[in-house]
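One structure below.
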Amino acid sequence: MPSRVIRNGPRKSAVNDLLSPAATETRAAIRTVLASWASLVADERRLNPPARDIGALARFLSRHAEWIASHPAAGEMVDEIGDLTRSARKVAYPNGAGRVRVGDCPTCNGELVVLMRNRDDPLPSEIVCTTAPDHSWPATRWATLARKMQQSQGGGSRHS
Ligand SMILES: [Zn+2]
């Protein structure tokens with residue numbers, strides 16, 4: 001019989017996830033990557049760079065999305081931000097907690113999972129593709145997604 005006194009389960013601190021080193025690190029990485037792309041855009045377009053704030057950087061980059069799309073480094077930027085999105089989701093939802101698999105992505109071969117958030121989370125629940133970060137459907141578009149998924153499943157028109 002183990003006689004170890006268990007005071008607190010060591011891994012029960014889900015409440016502290018916001019302060020976890022991994023989350024802090026991911027936030028810093030997001031800021032660094034967005035800031036470096038924003039400064040590339042600002043330099044080349046002779047604009048004032050935005051504040052080093054994730055929201056401001058993201059808004060700045062979205063405003064210049066079309067210009068970026070025709071830039072030779074666009075692919076690299078998409079890859080970098082895609083990687084960050086994936087690692088941020090892993091940190092936010094470790095061990096698949098709060099993730100429920102809902103089916104196959106109708107757009108690619110990825111898997112769709114629903115990210116259920118706590119009621120006090122400012123972000124809405126959404127369904128995301130585990131392969132392509134830009135395949136995501138907020139709750140308001142779930143009906144559209146359901147139709148797409150039905151269409152892609154019934155695409156074979158197989159008689160049983
Ligand atoms: Zn997908």
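Index from 1, following the sequence. As the structure lists them, so they are numbered: ligands from 1, and atoms in each ligand from 1.
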Treating Arg52 as the side-chain partner and Leu57 as the backbone partner, does any N or O pair qualify as donor plus acceptor under 3.5 Å? no

Atom OG1 in Thr131, atom CZ in Arg86: separation rounded to 0.5 Å? 8.0 Å

If I take atom CZ from residue Arg31 and atom CG from residue Leu84, how far apart are they, to the nearest 0.5 angstrom? 12.5 Å

Is Leu47 linked to Leu40 within one hydrophobic cluster, defined over Ile, Leu, Val, Met, Phe, Trp and Tyr using a side-chain heavy-atom separation of less than 4.5 Å? yes

Just to verify, which of Ile30, Asp134, Leu34 counts as forming a side-chain contact (heavy atoms from CB on, under 4.5 Å) with Ile81? Leu34

Metal environment of the Zn ion (ligand 1), protein N/O/S under 2.8 Å: Cys105 SG, Cys108 SG, Cys129 SG, His135 ND1

In this structure, CH2 of Trp142 is separated from CE of Met149 (nearest 0.5 Å) by 11.5 Å

